[in-house]
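Quick note on labels: first sequence line is chain A, next is B, and so on, each numbered from 1.
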Amino acid sequence: MKHEEYDVMNVEGGSHVKMWTKGVPVEDAAKKQLTNTAKMPFIYKHIAVMPDVHLGKGSTIGSVIPTLGAIIPAAVGVDIGCGMMAAKTTLTANDLPDNLGPLRSAIERAIPHGMSPKTRGFKGRDKGSWETPPTPVDAAWLQLKDEFDLVCLKTPKLKNTNNYRHLGTLGSGNHFIEICLDELNFVWFMLHSGSRGVGNAIGTHFIELAKQDMRTHFINLPDQDLAYLPEGTNHYDDYVEAVSWAQKFARMNREVMMQNLVAAVRTIITKPFQTHVEAVNCHHNYVQKEHHFGKDVLITRKGAVSAKAGELGIIPGSMGAKSFIVRGKGNADSFHSCSHGAGRTMSRTQAKKQFTIADQVKATEGVECRKDADVIDEIPMAYKDIDAVMVAQRDLVEVVHTLKQIVCVKG
DNA sequence: ATGTCC
């Protein structure tokens, strides 16, 4: 008899919750949130929970929510299409300079990062968006522009975002750009970012519309952020179109950044090298139509990665910890999914209270990165043990490469 | 996560 690698939580009046969390801690508050989501009448089969699960807004981060006939915009959230991209190069550790500082500076100069204050003249400059977007941005925007005009008709505030000037920019928070070494000392480029201002505008617009629709139809919910859009309504159709465009923007955002990252590295390392020897570009915060157990359904992955049989994905560790390039095993019960990281064990506020700059310096030894007060919340000790997380999902993915970061740029 | 016109 096959040994099941997941635990099952039964929810009265709701669907099952299958949890790949053996050997990793799960907060009670996260279980409560999963129970609320499982009670929604349009959940298809069951909810799948990844080992990095933790409390989110409305529903947990680190979960896969299959739905039939409705969509929950707050489950996708505001950073629509957030995800990872990684590319292997022909460079090895020996090709890198001893001092990695100039390499980090070159990346910081080449790729806008941090917030984009809309007010012009704020502290004299706008770090987070392009003043004059370079050629790769124009080429990418040409593929997004026509649909952008259509989505603007349904999401008016989209016109007032940075949109074009945000394409190929990092953002802030836990978005980052890294140079890593794999187990054979090959150099990889890796980055984490999403759909910037446009996904935020689309996400907040439809989350608000869904909440309004619930009030109009007197539908009571255990949590306002489980407000949904039923299939067959205009709002549903408009959201599906808009969310899909934001996801396309996010994927291209990462591609453009990767192009500019490679160009920036070439200004420092003059030895010729090839890139994209292996390459992965995956969302971990998105919704799309997929086929599971014989039906076309909507799969919302909120902090989870697609892991079809043979499909490559990226599971980043925290700053100073290992990251993994993984290959999916096509596990049907997980709706072909895996975790999107280690998962937090404490809030950012708690981490800043509990740890010092000295702790962060020690934890990120050997990594060329910021070590100031503003990045203490990213300290590895605020995250679950990545090795335990990988063991808990061994029937979902296998590890192809183990990466260790040596340069990290944060927004 | 975004951006400070909520």
Seminar exercise, completed: Separation of B:dT2 atom C1' from A:Leu167 atom CG, nearest Å, is 17 Å
Exercise. Under the salt bridge (charged side-chain N to carboxylate O under 4.0 Å, His left out) test, which residues partner A:Lys145, sequence neighbours left out?
Worked result: A:Asp149
Problem set entry | Integer-rounded Å distance: B:dT2 P and A:Asn160 CG | 18 Å
Problem set entry | A:Ile207 CD1 - B:dT2 P separation (whole Å) | 14 Å
For this session: Rounded off to whole Å, could you give me the NZ-to-P distance for the A:Lys157 and B:dC5 pair?
Result: 14 Å
Problem set entry | Set of salt bridge (charged side-chain N to carboxylate O under 4.0 Å, His left out) partners for A:Arg344, sequence neighbours left out | none
Exercise. With a 4.0 Å cut-off, would you call A:Arg394 and A:Glu5 a salt bridge?
Worked result: yes
For this session: Would you tell me if any nitrogen or oxygen in the side chain of A:Thr161 comes within less than 4.0 Å of OP1 or OP2 on B:dT2?
Result: no
Exercise. Please give, in whole Å, the distance from B:dT2 C1' to A:His205 NE2?
Worked result: 17 Å
Problem set entry | Between P of B:dG3 and CG of A:Asn163, the distance in whole Å | 11 Å
For this session: Determine the contact category for A:His166: base if any of its heavy atoms lies under 4.0 Å from a base atom, sugar-phosphate if only primed atoms, P, OP1 or OP2 are that close, otherwise nothing.
Result: sugar-phosphate
Seminar exercise, completed: Separation of B:dT2 atom P from A:His192 atom NE2, nearest Å, is 10 Å
Seminar exercise, completed: A:Asn200 atom CG is separated from B:dT4 atom C1', nearest whole Å, by 12 Å
Exercise. Could you go step by step and tell me if A:Asp333 and A:Lys18 meet the salt bridge (Lys or Arg N to Asp or Glu O under 4.0 Å) rule?
Worked result: CA-CA 8 Å; A:Asp333 281 319; A:Lys18 296 190 177 179; 3.2 Å; yes
